[in-house]
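Just so we're on the same page: letters track the sequence lines, and every chain starts at 1.
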Protein chains: 2
Amino acid sequence: MTDRAKIKDIARRAGVSTATVSRALSDSSLVAEATRERIRDAARTLDYRPNVAARNLRMQRSMSVLLVVRDVCNPFYLDIFKGVEAAARAAGYSVLMGNTENDPDRAREYFDMLRDGHADGMILMTGMLPQDYEQILGGSKARPIVVALELIESSDLPNVHIDNRAAAYRAVKHLIDLGHQRIAHISGPMPEFMSSRRREGYLAAMADAGLPVPAAYDLTGDYSLRTGRELCRQLFSYRDRPTALFLANDEMAFGAINELRQLGFTVPDDVSVVGFDDIFLSEAFYPPLTTVSQPREEIGRRAMEMLLALLGGNDAAPSSVELPTCLKVRASTGPVPGR
Amino acid sequence: MTDRAKIKDIARRAGVSTATVSRALSDSSLVAEATRERIRDAARTLDYRPNVAARNLRMQRSMSVLLVVRDVCNPFYLDIFKGVEAAARAAGYSVLMGNTENDPDRAREYFDMLRDGHADGMILMTGMLPQDYEQILGGSKARPIVVALELIESSDLPNVHIDNRAAAYRAVKHLIDLGHQRIAHISGPMPEFMSSRRREGYLAAMADAGLPVPAAYDLTGDYSLRTGRELCRQLFSYRDRPTALFLANDEMAFGAINELRQLGFTVPDDVSVVGFDDIFLSEAFYPPLTTVSQPREEIGRRAMEMLLALLGGNDAAPSSVELPTCLKVRASTGPVPGR
DNA sequence: ATGAAAGCGCTAACAG
DNA sequence: CTGTTAGCGCTTTCAT
């Protein structure tokens with residue numbers, strides 16, 4: 001860790017030039033088998049490890065990628081981390097964590113890191129481009145950037161995502177099929193892509209079933225436990241209470257269920273609740289949450305694989321991947337009361 | 001992102017040498033104000049960003065640190081990530097994610113990355129040293145490594161942790177104070193530091209209260225929901241059922257509560273349950289879980305700060321920090337039934 | 001199949 | 001205050 005043997009040392013020890021060492025160590029075919037063995041031995045006994053800074057400078061690449069999320073504390077990302085990390089590792093890349101906390105300035109820092117050569121590519125899960133990058137990235141292909149989970153409307157960056165609208169539709173349809181007619185929705189933060197799509201799915205399902213959506217049933221939250229609770233309380237202070245709730249994520253669903261319990265309602269006997277994401281503990285929760293499950297680890301893996309393809313100059317790589325979701329029907333939904 | 005202005009370009013444009021540019025850009029005091037301005041302008045108009053690979057090579061440091069955990073998918077780490085990331089960012093460092101999946105070989109890879117110069121330091125939350133590093137790191141101070149959460153017995157590496165034993169003692173004491181006498185424990189994987197300490201706390205509290213711990217009450221799990229469920233089921237198949245459970249982490253506690261519900265027991269009326277960690281959702285769970293809360297974000301922050309001190313050659317830095325925990329008494333614990 | 005030499009882009013003596 | 005110069009450790013022409 002301190003004295004680091006360098007390529008020169010090996011060269012001397014093996015009685016060859018540094019060039020040959022470099023070639024031998026990278027399995028170049030133009031090194032005699034005998035020499036190669038000698039060099040390997042020398043490297044082993046000197047416990048040689050190539051200096052990555054030097055290699056990076058010379059090769060003009062860093063072998064790291066940036067994984068940028070809105071909020072590292074969101075448990076939703078865990079499996080995605082895993083998928084990304086696994087795919088990256090398999091290809092010899094390291095993963096740098098980026099956390100924007102929804103701050104565009106912080107997002108810009110990560111784009112700058114890309115320019116600095118700090119990372120070779122980036123997986124973006126923030127749904128936004130910093131102002132000054134919008135034009136730069138807007139129309140161009142082959143930027144080493146993959147967007148995951150979200151979609152950035154102003155760009156045609158390669159992306160991997162799910163059909164939020166269809167999945168939400170399906171979730172609401174499930175409630176409708178159970179006989180529910182008064183179904184309320186609490187969405188994510190509102191001018192955002194993911195929240196909008198999920199809400200669209202809700203509205204479409206309601207419309208297709210000929211069910212009304214009073215303004216009071218169409219609420220805007222922010223994916224937090226807190227708004228799940230508060231908006232649920234608000235919802236149940238009206239005369240025309242809903243019999244079912246569709247929340248744009250599980251965390252809000254947990255908040256809502258908590259609040260309902262506090263208000264004296266039973267889930268699902270009095271009120272059915274559907275979430276979205278199927279995060280850790282959604283199944284262990286009481287009652288086990290009916291929710292939309294998405295292949296998070298695969299989203300991570302695919303995103304990283306697309307990025308690797310981009311970095312490898314593979315143009316044949318698909319520029320947009322849509323992964324399937326699955327409605328997990330569990331115990332938080334049931335038939336409409338009084339039927 | 002493609003054409004990258006270099007220091008030479010600025011030098012030419014500002015009519016100075018590259019050395020002066022370098023100095024000006026790093027706010028060296030020995031540059032005339034006028035020159036500095038000229039250089040700054042040039043850098044701005046050329047949209048210059050220093051190449052980190054070159055800088056790293058020259059400076060022999062990478063400005064990144066490695067954060068190595070047992071399992072990225074564990075929600076427990078989330079706030080720690082945040083603390084580490086924030087402290088690192090504040091100091092201009094990036095954080096590389098390392099995931100060992102409890103595999104010593106993978107752990108070794110990360111140690112190698114340190115030698116490679118891939119990272120300048122490392123925060124280790126795996127509780128183990130790869131075989132071949134044990135001697136190397138064993139006795140030495142001032143290695144750029146900080147151990148968090150765990151303690152590595154064979155070394156005196158700087159560390160930040162909590163008093164697992166005392167916290168567990170306190171949790172079990174809480175149950176005893178409620179009148180419970182038949183208290184069982186499900187520990188984490190067993191020859192491990194953290195699990196052992198928590199179990200010791202349990203055993204000590206029981207011993208101090210003169211309560212017996214039949215072998216059947218002293219179970220070994222693995223921190224997973226699944227073992228929480230299974231061992232709980234096993235526990236309640238005995239004649240002498242416990243009236244309270246102390247689980248070594250929240251996840252197992254959730255599993256146990258689930259199982260109890262399935263077996264027809266009510267928490268806390270029939271059985272009280274205490275967890276450990278106070279992870280995301282422990283409060284939103286039903287019933288809200290009584291558990292030991294540890295300052296996770298601070299653990300991350302402190303660990304990073306210690307690492308920065310080490311990297312800065314600050315010998316005055318404390319080599320061991322113990323952070324306080326807090327027993328959160330919530331609704332999963334209550335008086336012993338029939339009292 | 002191997003070696004000599006150039007150079008990736010930057011910083012830091014050293015010399016003025 | 002500023003310029004010249006010498007590398008950091010590696011890979012890769014270009015010769016041989």
Checklist entry - Between Met59(B) and Arg38(B), which is nearer to the 5' end of DNA chain D once each is assigned its nearest nucleotide? => result Arg38(B)
Checklist outcome for this item: Taken to the nearest whole Å, CZ/Arg12(A) to C1'/dG9(D) is 14 Å
Item to check | Worked check of side chain to side chain contact (heavy atoms under 4.5 Å, CB included) between Arg61(A) and Asn56(A) | outcome: CA-CA 5 Å; Arg61(A) 54 143 191 55; Asn56(A) 288 351; 3.6 Å; yes
Checklist entry - Nearest nucleotide by nearest heavy atom, which residue falls closer to the 5' end of DNA chain D, Ala53(A) or Val31(B)? => result Val31(B)
Checklist entry - Hey, does Tyr93(A) have a side-chain heavy atom less than 4.5 Å from the side chain of Asp120(A)? => result yes
Item to check | Pairwise side chain to side chain donor-acceptor pair (under 3.5 Å) hits with a residue in residues 74-84 of chain A, at least two apart | outcome: Asp79(A)-Arg296(A)
Checklist entry - Passes side chain to side chain contact (heavy atoms under 4.5 Å, CB included), Leu149(A) versus Ile80(A)? Steps please. => result CA-CA 10 Å; Leu149(A) 298 179; Ile80(A) 298 191; 3.8 Å; yes
Checklist outcome for this item: Walking DNA chain C from its 5' end, the first of Gly15(A) and Thr20(B) to be reached, judged by nearest nucleotide, is Gly15(A)
Item to check | Between dC10(D) (C1') and Asn56(B) (CG): distance, integer Å | outcome: 14 Å
Next on the checklist: Output the rounded distance in Å from CD1 (Ile7(A)) to C1' (dT12(D)).
Outcome noted: 12 Å
Item to check | Nearest heavy-atom neighbours spanning Val21(B) and Ile39(B) | outcome: CA-CD1, 3.9 Å
Item to check | Interatomic distance where CD1 belongs to Ile39(A) and P belongs to dC10(D) [whole Å] | outcome: 13 Å
Checklist entry - So, is Tyr48(A) close to the dC10(D) phosphate, meaning a side-chain N or O under 4.0 Å from OP1 or OP2? => result yes
Next on the checklist: On a heavy-atom basis, which atom in Ser320(B) and which in Met306(B) lie closest, and how many Å separate them?
Outcome noted: N-CE, 4.2 Å
Item to check | Arg58(B) CZ to dT5(D) C1', straight-line distance once rounded to whole Å | outcome: 11 Å
Next on the checklist: From CG of Asp116(B) over to P of dC10(D), roughly how many Å is that when rounded to an integer?
Outcome noted: 10 Å
Next on the checklist: Please identify the 5'-most and 3'-most nucleotides of DNA chain C with any atom under 4.0 angstrom from a heavy atom of chain B.
Outcome noted: dG9(C) to dA13(C)
Next on the checklist: Evaluate Phe76(B) against Gln294(B) for side chain to side chain contact (heavy atoms under 4.5 Å, CB included), listing each step before the verdict.
Outcome noted: CA-CA 10 Å; Phe76(B) 176 80; Gln294(B) 36 179 324; 3.5 Å; yes
Checklist entry - Under 4.0 angstrom, heavy atoms only, what part of the nucleic acid is Ala19(A) near: base, sugar-phosphate, or nothing? => result base
Item to check | DNA chain D contacts among residues 22-30 of chain A, heavy-atom distance under 4.0 Å | outcome: Ser22(A), Arg23(A)
Checklist entry - Between Gln60(A) (CD) and dC10(D) (C1'), how many Å, whole number? => result 12 Å
Item to check | Working for salt bridge (charged side-chain N to carboxylate O under 4.0 Å, His left out), residues Asp9(A) and Lys6(A) | outcome: CA-CA 5 Å; Asp9(A) 301 323; Lys6(A) 37 184 96 170; over 6 Å; no
Next on the checklist: Using side chain to side chain contact (heavy atoms under 4.5 Å, CB included), reason through Ile152(B) and Leu124(B) one step at a time and then give a plain yes or no.
Outcome noted: CA-CA 10 Å; Ile152(B) 297 179; Leu124(B) 209 57; 3.9 Å; yes
